[in-house]
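Notes for the one structure printed next.
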Amino acid sequence: MSIVLVVNSGSSSLKYQLVDVESAEALATGLVERIGRPPGSARHTDASGATFREELDVPDHDAAFAWMLRAFAEHGPSLEERPPLAVGHRVVQGGARFFEPTVITELVKINIDELSVLAPLHNPANLAGIVAAERAFPSVPHVAVFDTAFHQTMPPAAYTYAIDAEVAARHRVRRYGFHGTSHRYVSREAAAFLGRPVEELKLIVLHLGNGASACAVDGGRSVETSMGMTPLEGLVMGTRSGDLDPAVLLHLQRRAGLDVAGVDDLLNKRSGILGLGGHGDMRDLVAAAESGDARAELALEVYCHRIRSYVGAYAAQLGRLDAVVFTAGVGENAAPVRARALAGLEWFGIEVDPERNTGRGGARRISPDGARVEVLVVPTDEELEIARQTVEVVGR
Ligand SMILES: Nc1ncnc2c1ncn2[C@@H]1O[C@H](COP(=O)(O)OP(=O)(O)O)[C@@H](O)[C@H]1O
Ligand SMILES: CC(=O)OP(=O)(O)O
Ligand SMILES: [Mg+2]
């Protein structure tokens with residue numbers, strides 16, 4: 001059996017999943033939250049859905065790993081009876097160096113560390129997770145699956161910023177794009193749902209989670225995406241601003257007394273729907289807007305307006321559009337956001353059927369029959385995709 005432990009180690013959380021790649025089944029999932037930021041909490045769910053929860057403070061990623069191992073030992077499934085074949089790690093920034101899943105060696109770790117300058121919020125945490133996991137599972141291969149890899153097919157015109165070319169090259173300033181594992185998985189699932197080969201489809205995938213990005217997928221390849229050198233560019237997110245006139249940064253440094261760390265904190269942690277509408281969680285924002293909160297209403301409108309702009313731009317870049325695909329926490333669950341983001345695009349053949357645009361479930365169509373462009377909701381599964389890619393690399 002091909003059982004893979006998938007580790008998604010964020011700056012303050014550890015998400016994990018034990019995946020049976022053959023049956024595409026999650027044998028266990030878990031989450032350790034608020035690492036180093038008490039009060040912390042953790043939960044572990046087995047294949048039957050039974051969940052064990054604990055409130056506890058978790059000082060670092062090593063402690064989070066220790067909690068995970070204890071949870072497996074006490075609540076199952078036993079990692080001793082059925083040890084994982086390999087451990088797959090989500091790594092956010094792979095730069096221009098990593099364009100495929102890669103077996104982790106000392107050199108790969110040095111590279112991931114060195115790429116931290118291009119993803120200071122993400123890569124250090126990813127590396128901490130790798131080090132802790134190697135300590136816990138020293139005798140199995142560890143594989144890094146990069147968020148940036150899927151976007152390495154973007155043409156130079158899409159990834160190049162119009163700044164001094166020499167400065168850009170020296171400092172590796174270009175668009176890399178993120179959420180690639182999700183965009184890749186979702187574009188293939190969408191093609192399967194439509195019963196057509198991904199090679200002949202032109203898709204726009206909208207990954208709307210805490211982080212959010214749009215991707216134009218042409219024939220199964222990423223040709224354009226909204227996140228840039230870091231996961232700050234593009235769409236409005238939970239706490240991140242997305243697109244901004246770069247002169248705003250200069251202005252704030254000159255006039256608002258903010259230093260580099262202050263601007264970083266403002267744009268990454270105190271902006272987006274949190275900064276605008278007072279709620280970083282879309283459920284809370286929608287509820288506030290529905291109860292008449294004008295700030296929340298504006299935040300929602302800005303969020304949807306930005307998505308609409310990207311859909312238009314990417315349709316133009318693709319030259320034809322077969323489907324718009326919503327995914328991730330907001331995209332899969334927030335029907336009012338989906339309807340609003342695509343409102344007014346009927347002329348482009350993009351329509352949402354209010355009767356179909358409800359509820360939860362698997363891959364589904366929310367456009368009316370006969371619409372020129374299909375609008376789909378397709379649940380993402382980054383962990384399954386990481387597990388599959390891990391097995392592929394280990395099997396080579
Ligand atoms: N029913 C829902 N309605 C609106 N938003 C939802 C719903 N369920 C989840 N979300 C939103 O999804 C977002 C989290 O998405 P998710 O993909 O889980 O994020 P991440 O993996 O980036 O942490 C949150 O903003 C959350 O409010
Ligand atoms: C790259 C990125 O933004 O990831 P997340 O959505 O998990 O924050
Ligand atoms: Mg996510």
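No experiment lies behind these values; they were computed from the predicted model shown. Both counts, for ligands and for their atoms, begin at 1 and track the order of listing.
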Report the part of [X] (side chain from C-beta onward, or backbone N, CA, C, O) that has a heavy atom under 4.0 Å from ligand 2; answer both or neither where that applies.
X      : answer
His207 : neither
Asp147 : side chain
Gln93  : neither

Find all atoms of ligand 2 within a distance of less than 4.0 Å from any non-hydrogen atom belonging to [X], and give their numbers and elements.
X      : result
Phe178 : 1 (C)
Met227 : 3 (O)
Pro231 : 1 (C), 3 (O)
His122 : 2 (C), 4 (O), 8 (O)

Is [X] in polar range of ligand 1, meaning some N or O pair under 3.5 Å apart?
X      : result
Gly329 : yes
Leu208 : no
Val330 : yes

Flag if over 12 foreign heavy atoms under 6.0 Å of CZ, Arg70: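 More than 12 heavy atoms, drawn from other residues, nucleotides or ligands, come within 6.0 Å of this atom.
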Atom [atom1] in [X], atom [atom2] in [Y]: separation rounded to 0.5 Å?
X      : Y      : atom1 : atom2 : value
Arg135 : Leu69  : CZ    : CG    : 12.0 Å
Ile350 : Glu374 : CD1   : CD    : 12.0 Å
Phe72  : Leu27  : CZ    : CG    : 8.5 Å

Check: Glu22/Ser2 side-chain N/O donor and acceptor closer than 3.5 Å: yes
Test item: side-chain donor near acceptor, His207 and Ser182, under 3.5 Å: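 A donor-acceptor contact under 3.5 Å links the two side chains.
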Cation-pi, Tyr159 ring and Arg174 (6.0 angstrom, 45 degrees): yes
Ring geometry between His75 and His44 (parallel below 30°, tilted from 30 to 60°, perpendicular above 60°): tilted
Ligand 1 contacted by Val286 (non-hydrogen, < 4.0 Å):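 Flag not set, Val286 not near ligand 1.
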Close approach of Lys15 to ligand 1, heavy atoms, under 4.0 angstrom: yes
Per atom 8 (O) of ligand 2, closest listed option by heavy atom (Glu382, Met237, Arg240, Lys15):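 Shortest heavy-atom distance from atom 8 (O) of ligand 2: Arg240.
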Asn333 side-chain N/O to Gly329 backbone N/O, donor-acceptor pair under 3.5 Å: yes
Polar proximity ligand 2 side, Arg90 side, N/O cut 3.5 Å exclusive: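 Yes, since at least one N or O of Arg90 sits under 3.5 Å from an N or O of ligand 2.
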